[in-house]
Structures are given as structure tokens and as C-alpha cells.
Amino acid sequence: PVVSNLFNKVVSILQDGVLDPDEAADLMSALRGLTGEESVSGELAKATTLPIDLPVQSIVFPSRKFLLTGTFAFGTRKQCEDAIQNMGGILAGSVSKKLDYLVVGTYVTDSWVHETFGRKIQKAVEYREQGVPLVIVTEEHWANEGRFTI
């Protein structure tokens with residue numbers, strides 16, 4: 001499933017013949033996860049080391065701000081963003097006090113704090129500790145709530 005997901009991601013990314021910076025970062029992150037670290041399909045077992053909000057809450061999509069971080073099993077970053085917008089959600093450009101949901105991709109590993117996307121997670125945790133009602137969720141929960149197929 002991991003190789004199949006990677007293949008589908010590459011096909012989708014190269015479909016328009018242009019590799020933009022977000023797609024390149026998404027692909028590189030997926031390749032590092034595949035080749036550079038021990039991993040399992042759907043590393044949700046490792047999610048306990050992530051600052052995920054527990055118990056999980058229902059996700060409200062319309063008019064809520066979402067930010068994605070990490071690599072997603074659902075598809076490319078663009079596909080994930082389109083899914084959010086199709087549900088009425090708003091895409092955020094960065095972690096801020098106005099962000100409602102930070103969605104952490106399935107292929108985030110135990111070393112998240114040392115990765116580029118780890119800064120987003122750290123900033124979200126800081127805001128959450130200050131009382132900002134920012135919710136950090138896994139891709140699996142996000143997909144289930146939106147009834148998206150991974």
C-alpha cells in the first residue's frame with residue numbers, strides 16, 4: 001500500500017507536467033519516509049507521540065480554518081486542500097491564533113519535532129497551551145469526519 005500510494009502521488013503530481021514547490025516538498029517528504037526511516041503503512045500507531053487532541057472531537061468544516069502538515073495518505077497537498085474547500089472549509093497559510101484545525105498527515109514519524117513541519121506542530125501546541133481553541137487532529141480522523149477515502 002505504501003508503494004502504491006507513492007506511485008499514485010507521483011502520477012498525480014506529474015499530471016500537469018509542472019512540479020511546484022509544495023508538490024516537491026510533499027514528494028520529498030514521502031520519499032524520506034519511505035527510504036530514510038522505519039515506517040509502517042498508516043503510522044497512526046505512532047500518533048501517541050504527537051500532541052493530538054484527545055478525546056477526538058467532531059470536525060466542523062464550513063467556515064473553519066484548516067492547515068495541513070506532513071505527508072498525507074489521502075493524496076497530494078492540492079487534493080487535500082480541495083477536499084477541505086469542497087466541504088466549505090477555509091485554507092490557512094500558517095499557524096495563527098485564528099486557526100481552527102491543524103491536520104497532521106499519516107506519514108509523520110516519531111522524529112516530527114526535527115522536521116520542517118514540526119515547527120507548525122510546535123507553534124500550534126504553544127497556542128493551545130495559551131488557551132487558543134486550536135485543535136490538532138490526525139489525517140485519519142480528518143478523513144473519517146469528512147467521509148474522505150484514504
(request) Name all residues meeting the ring-ring contact (aromatic ring centres under 6.0 Å, His included) criterion together with F72; count only those two or more places apart in sequence or in a different chain, and write none if there are none. (result) none
(message) Testing the basics here: between F66 and V60, what is the closest heavy-atom pair and its distance to 0.1 Å?
(response) CZ-O, 3.7 Å
(request) Find out whether V95 and L134 are in side-chain contact, i.e. whether some heavy atom of one side chain is under 4.5 Å from a heavy atom of the other. (result) yes
(message) According to salt bridge (Lys or Arg N to Asp or Glu O under 4.0 Å), does anything in residues 57-70 pair up with another residue at least two apart or in another chain? List the pairs.
(response) none
(message) Less than 4.5 Å apart, side chain to side chain, heavy atoms only: is that true for L99 and Y127?
(response) no
(request) Quick one: list whatever passes side chain to side chain contact (heavy atoms under 4.5 Å, CB included) with E23, sequence neighbours left out. (result) I13, L19, D20
(request) Evaluate the side-chain proximity of Y101 to F61: yes if any heavy-atom separation is below 4.5 Å, no if none is. (result) no
(message) Could you tell me if the side chain of V125 sits less than 4.5 Å from the side chain of E129, heavy atoms only?
(response) yes
(message) Any side-chain to backbone donor/acceptor pair from H141 onto I136? Under 3.5 Å, distance only.
(response) no
(request) Could you walk me through whether T69 and V104 pass the side chain to side chain contact (heavy atoms under 4.5 Å, CB included) test, one step at a time? (result) CA-CA 5 Å; T69 192; V104 179; 4.1 Å; yes
(message) By the salt bridge (Lys or Arg N to Asp or Glu O under 4.0 Å) test, which pairs, at least two apart or in different chains, include something from residues 85-102?
(response) none
(request) Determine, stepwise, if the pair K9 / T71 fulfils side chain to side chain contact (heavy atoms under 4.5 Å, CB included). (result) CA-CA 11 Å; K9 186 178 293 265; T71 303; 3.9 Å; yes
Could you pull out every donor-acceptor pair under 3.5 Å between side chains of residues 73-90 and any protein atom, sequence neighbours left out?
from	atom 1	to	atom 2	distance (Å)
T76	OG1	Q79	N	3.1
T76	OG1	Q79	OE1	3.4
R77	NH1	L68	O	3.4
R77	NH2	G70	O	2.6
K78	NZ	D82	OD1	2.9
Q79	OE1	T76	N	2.7
Q79	NE2	S12	OG	3.4
N86	ND2	D82	O	3.2

(message) Among L67, I52, V135, exactly one meets side-chain contact (heavy atoms from CB on, under 4.5 Å) together with L102. Which residue is that?
(response) L67
(request) Would you mind listing every salt bridge (Lys or Arg N to Asp or Glu O under 4.0 Å) that reaches into residues 50-61, with sequence neighbours excluded? (result) D53-R128
